[in-house]
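One structure below.
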Amino acid sequence: MKCVRCKKKAVIVLRRHNAAFCADCFLHYYKNQVLKNIRKNRMFEKGEKVLVVVSGGKDSMALWDILVKEGYNVVAMYINLGIGEYSNRSQEVVEKFAKENNLPLIVKDIKKEFGLDIYKLSKTLRRSPCSVCGSIKRYLFNKVAYDGGFSAVATGHNLDDEAATLFGNVLNWEEGYLARQGPVLPQTHPKLIKKVKPLYTLTERENMYYVLLNKIEFLHEECPHSVGARSILYKEVLNKLEEESPGTKQRFLSGFLEKGKKHFQDVRERLELKECKNCGQVTTTEECSFCRFVRICNQQ
Ligand code: SF4
Ligand code: ZN
């Protein structure tokens, strides 16, 4: 099979685009997709400070690398969540990449810095580790971005992630989530920094190609808590559909963003936003969940 762009021998076939690329033309396609997503959705401009959240996995490593290569003003942030060896290994990968490429990196360690333990919180609050972990991550993304004067927080969510989230939200008719789902979560409060997903049209497989072709080291293993997660089941279902009918995920997501999302706009945030009495970050209660977590972990 030949590359659709230069007619050399193709090494990558993208069935959903009915296209095949050689390595160079794939990287050209990948870069154009990312730049188009940033511009089309007005995620950020060249000079603006962007906080890129990295986990050591292929998606966030690809995002970090391409934004640096394209000359964006990025600082990466890694959060050590205290998930045993997985956290230690992922931190090593991220730190090594920053050091080798001389890139700025902020490292937050929830245990060392705040005394937080997601397992203790999970047990005390009877919430899943993922639910606790998600709250902590969201808080720190915003807090670090706000304190550091960043314009946006960028994450490595890909097309597979976004289609699976949409699938779950539709199955459960989560109107509030459907109203907010998209490549940009705009700033709705002066202290809430915009969240953006520049890789939302690229698949896991395409991100994998990107890191392999660029010889970027990444952590192959997933977080142990992702095993058995509902989102994985949704991804499997969508993968089956995609196999039968390439382009399903893309049509599902882009169709929703273009035609479906507008029907949920009237259910947008009815919650009153306040500032936490301790830390000043935005919350819907007197004390934000992060400050509550810190209190619980340091009390017992
Ligand atoms: Fe956190 Fe769950 Fe993701 Fe692991 S899988 S990083 S525990 S949200
Ligand atoms: Zn707080």
Side-chain angles (χ1 to χ4, degrees), residues 52-61 63 76-94 107-111 113-147 153 155-158 160-162 164-165 168-169 177 189-193 195 197 204 207 218-236 271-299:
V52 183
V53 181
V54 293
S55 67
K58 60 185 181 329
D59 305 301
S60 59
M61 294 306 280
L63 177 63
M77 172 167 71
Y78 170 80
I79 305 175
N80 187 312
L81 296 154
I83 306 173
E85 276 307 300
Y86 165 77
S87 285
N88 300 337
R89 282 196 287 272
S90 55
Q91 184 167 345
E92 270 170 36
V93 167
V94 169
V107 175
K108 292 272 158 195
D109 187 314
I110 64 162
K111 178 95 190 148
E113 209 170 319
F114 309 101
L116 289 171
D117 179 336
I118 62 169
Y119 300 105
K120 191 188 243 181
L121 287 164
S122 163
K123 213 169 143 200
T124 313
L125 300 169
R126 295 204 184 125
R127 280 168 62 174
S128 70
C130 287
S131 144
V132 173
C133 172
S135 294
I136 294 172
K137 286 194 289 195
R138 279 193 300 278
Y139 177 89
L140 287 175
F141 294 171
N142 195 72
K143 169 105 173 90
V144 171
Y146 177 72
D147 291 347
V153 176
T155 55
H157 289 95
N158 57 44
D160 301 74
D161 298 324
E162 292 301 290
T165 303
N169 287 340
Y177 291 141
H189 183 285
K191 283 190 168 181
L192 284 179
I193 307 301
K195 312 291 180 311
K197 301 167 184 168
E204 276 178 13
N207 291 336
F218 65 99
L219 194 68
H220 292 247
E221 71 193 86
E222 302 278 347
C223 171
H225 299 292
S226 67
V227 180
R230 200 48 70 86
S231 58
I232 305 241
L233 176 62
Y234 296 155
K235 280 187 182 176
E236 284 169 7
L271 295 170
E272 191 201 335
L273 298 177
K274 300 175 190 169
E275 291 185 11
C276 169
K277 63 179 184 184
N278 299 322
C279 70
Q281 280 287 293
V282 180
T283 173
T284 50
T285 43
E286 287 298 302
E287 180 186 39
C288 74
S289 55
F290 187 88
C291 286
R292 186 165 156 245
F293 291 172
V294 172
R295 195 162 43 75
I296 293 171
C297 283
N298 292 292
Q299 242 169 21

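As the structure lists them, so they are numbered: ligands from 1, and atoms in each ligand from 1.
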Verify whether one side chain among Thr165 and Tyr234 offers a donor that lies under 3.5 Å from an acceptor in the other. no
Short list, please: which atoms of ligand 1 are under 4.0 Å from a heavy atom of Ser226? 5 (S)
Nearest neighbour in protein (non-hydrogen) for [atom]:
{"atom": "atom 1 (Fe) of ligand 1", "value": "Cys133 SG, 2.3 Å"}
{"atom": "atom 2 (Fe) of ligand 1", "value": "Cys130 SG, 2.3 Å"}
{"atom": "atom 4 (Fe) of ligand 1", "value": "Cys223 SG, 2.3 Å"}
{"atom": "atom 3 (Fe) of ligand 1", "value": "Lys137 NZ, 3.7 Å"}

If we only count heavy atoms from C-beta on, is the Asp109 to Leu81 side-chain gap below 4.5 Å? no
Rounded to 10 degrees, the angle SG of Cys291 makes with SG of Cys288 at the Zn ion (ligand 2): 110°
Angle subtended at the Zn ion (ligand 2) by Cys279 SG and Cys276 SG, rounded to 10 degrees: 110°
Is the shortest side-chain N to carboxylate O distance from Asp161 to Lys235 below 4.0 Å? yes
How about Tyr139 and Phe293: are their ring centroids closer than 6.0 Å? no
Can you check whether Tyr146 and His189 have ring centres sitting under 6.0 Å from each other? no
For the pair Asn142 (side chain) and Ile193 (backbone), establish whether a donor and an acceptor sit closer than 3.5 Å, ignoring hydrogens and angles. yes
Side chain or backbone of Glu222 under 4.0 Å from ligand 1, or both, or neither, by non-hydrogen atoms? neither
